Amino acid sequence: MKLQAFHRSETETLLILSIRRISTEPIGSLPRSSALRHALAAHAEGLLDDADLAGQEVQAVVDTLARLRGAVTLSSV
């Protein structure tokens, strides 16, 4: 059995090389705050209604974005 060599075009080679230089950091999902975890548990037990849970969820997003904004510095960009 004779093996054939695989040849990439110049465009494919450049694309592969450029992809290897892209610096990314996959962070996955952000952890839920303690307050949000407690709110979800209270909601599951019937101690917190849907509207209050929605308010807790919005607050958790606001808090997380504020924390992330504070963590970003020019040296990390």
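Owing to the predicted nature of the structure, the values given are computational and were not obtained by experimental measurement. Positions are given from 1 along the sequence. Every heavy atom of this structure was used, including side-chain atoms; hydrogens, water molecules and symmetry mates were not.
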Would you please test Gln56 and Asp52 for side-chain hydrogen bond (donor to acceptor under 3.5 Å, both in side chains) and show each step? CA-CA 6 Å; Gln56 291 286 331; Asp52 288 334; over 6 Å; no

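- Taken from CD in Gln59 to CG in Leu36, the straight-line distance is 10.5 Å, to the nearest 0.5 Å.
- The minimum heavy-atom distance linking Arg32 with Arg37 is given by the pair O-NH1, 2.7 Å.
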